[in-house]
Number of protein chains: 2
Amino acid sequence: MTDLDGNHSVVSIHALERFPYYLNYLKSLDKENIKSISSPFIAKALDLNEVQVRKDLAVLNSGGKPKTGYVLEKLITDLETFLGYNNVSEAVLVGVGHLGKALLSYKGFEKYGLNIIAGFDINEEIVGTGVGEKLILPLTKMKNLCRRMHIHIGIITVPAENAQDICNLLIDSEIQAIWNFSPVKLTVPDNILVRNENMAASLAILSKHLIEKTHRPNSDNK
Amino acid sequence: MTDLDGNHSVVSIHALERFPYYLNYLKSLDKENIKSISSPFIAKALDLNEVQVRKDLAVLNSGGKPKTGYVLEKLITDLETFLGYNNVSEAVLVGVGHLGKALLSYKGFEKYGLNIIAGFDINEEIVGTGVGEKLILPLTKMKNLCRRMHIHIGIITVPAENAQDICNLLIDSEIQAIWNFSPVKLTVPDNILVRNENMAASLAILSKHLIEKTHRPNSDNK
DNA sequence: TAGATTGTTAATCGATTAACAATC
DNA sequence: TAGATTGTTAATCGATTAACAATC
């Protein structure tokens, strides 16, 4: 996997993965009119180590104070800025099957700063139709559109067999980051970031848990 | 997060996450009529360390041989068995919004051994209708149905505010594993496994990458 | 002030990788 | 046999956690 920024990024991927949980939790506190919060409190709520929380939050420079903790509102703003939710990024999606359609019509991405501007597919029967408010365009138009509109994110929801080809096409379209929903290890140049949404792994982990539970019944009932 | 099986599971989550990539790659080789494969070869293709590959595959007891490597077909079968793709697990999904609808209609889960049998929602307007071939039922019927049918997996696609309540309801319905698509750290008993599909984190990571690229242009162009 | 809390340095833990003997 | 490859033990690396001085 490509490193986040080559060298001096101080935030690990693991830390970055925790940030949305912090943000979501802090927002829920904000609704209850709480003004400040301490790291042990956050740690307790999210089942983390309090030092880890402080270390994570330290990168935001939100300046916690001994005795009182962090100012909730500042922490929320800083997290949103840091995570880039304030910048809107535009993306294209390739592969308008069931999953592709789902992501195209999902409104939830907007609040995280992602705007999918169109879907692309080779299937001529669906080209020209729309999903939600998003248009489905032929794959042949992708390169031109991405370059012209300076789109930087590509979402891959094609079958495994075609994933690498589509990936290459996206890179040729000057995409800089790829969100990959296929269970394929993509080969990309160093400067392209790939984030794998490994649903197959998730299912495997769930399934494994159930198998082990069935085979060794009651072994972990307290 | 709940440990996979409490104590003597030898496979780490990280290793488990790599398995779907092995499986997918090996299947692509199988199509090309290749009969056996070595760990250095797999490592090269998936950009991993060869020792890591051997260590991962060792848990399958597929018995690689010096000089020739592993028998491809056996490796594939063993991986599928290990990952539980041969067991079909049944699941219910709660929260039939855009994302929920998408997952309900997605056919891709079947080949990973997951069968979503129905969707549940509180919105009376959509209750009674269907998505794909899946029925949408009122939340009030969930507990009874899950218990009667011995459903073991619950998928959460409700908004963050409701995620914990739904989680509690699922546990009360005797669900044993939860696939959580909300950006919420769920609180569950030790024997319940939660797998978070952290889309918010993925977006944050993509976004962060783009921001850093913009701010320090050409710093990582080779 | 006394005590809670931060931020940082050092120790620990777990996972990855290197080294190597065994073996086909 | 010679060489490629496995499987395992030891070293390294990175992330988490514990210990603690600084501070409000």
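Letters A, B, ... mirror the listed sequences (proteins, then strands); counts begin at 1.
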key: Non-hydrogen side-chain atoms of B:L169 and B:F120 separated by less than 4.5 Å   = no
inquiry  = If the condition is salt bridge (charged side-chain N to carboxylate O under 4.0 Å, His left out), which residues does B:D172 pass it with, not counting sequence neighbours?
reply    = B:K143, B:R147
Atom pairs and distances, side-chain donor-acceptor, residues 66-74 of chain A, under 3.5 Å, sequence neighbours left out:
residue	atom	partner	partner atom	Å
A:K74	NZ	A:D78	OD1	3.4
A:K74	NZ	A:D78	OD2	2.9

note = Here the residues of residues 36-44 of chain A within 4.0 Å heavy-atom distance, strictly under, of DNA chain C are A:S38, A:S39, A:P40
ask   = Which residues satisfy the side chain to side chain contact (heavy atoms under 4.5 Å, CB included) test with A:Q176, sequence neighbours excluded?
value = A:H152, B:L210, B:K213
query = Applying salt bridge (Lys or Arg N to Asp or Glu O under 4.0 Å), which residue pairs with at least one partner in residues 96-115 of chain B are found, sequence neighbours left out?
reply = B:K107-B:E133
task = Please work out which of the three classes, parallel, tilted or perpendicular, describes the rings of B:Y112 and B:Y85, given edges at 30° and 60°.
result = perpendicular
inquiry  = Test: salt bridge (Lys or Arg N to Asp or Glu O under 4.0 Å). Region: residues 48-59 of chain A. Which pairs qualify, not counting sequence neighbours?
reply    = A:R18-A:D56, A:E50-A:R54
First of A:R18 and B:E50 reached from the 5' end of DNA chain D, by closest nucleotide = B:E50
Secondary-structure notation, DNA chain D, from Watson-Crick and G-U pairs under 3.5 angstrom (| other strand) = ..||||||||||||||||||||||
key: Which residues share a side chain to side chain contact (heavy atoms under 4.5 Å, CB included) with A:N24, sequence neighbours left out   = B:A160, B:P183, B:V184
request  = Could you list where the contact with chain B starts and ends along DNA chain D, reading 5' to 3', using a 4.0 Å heavy-atom cut-off?
outcome  = D:dG3 to D:dT8
Pair listing, salt bridge (Lys or Arg N to Asp or Glu O under 4.0 Å) test, anchored in residues 22-39 of chain A, at least two apart = A:K27-A:E80
task = For DNA chain C, determine which residues of residues 55-77 of chain B have any heavy atom closer than 4.0 angstrom to one of its atoms, and list them numerically.
result = B:K55, B:P66, B:K67
key: pair B:L57-B:S39: side-chain heavy atoms closer than 4.5 Å   = no
query = Between A:N198 and B:Y21, is any pair of side-chain heavy atoms under 4.5 Å apart?
reply = yes
ask   = Going by the ring-ring contact (aromatic ring centres under 6.0 Å, His included) test, which pairs reach into residues 165-195 of chain B, not counting sequence neighbours?
value = B:F109-B:W179, B:W179-B:F181
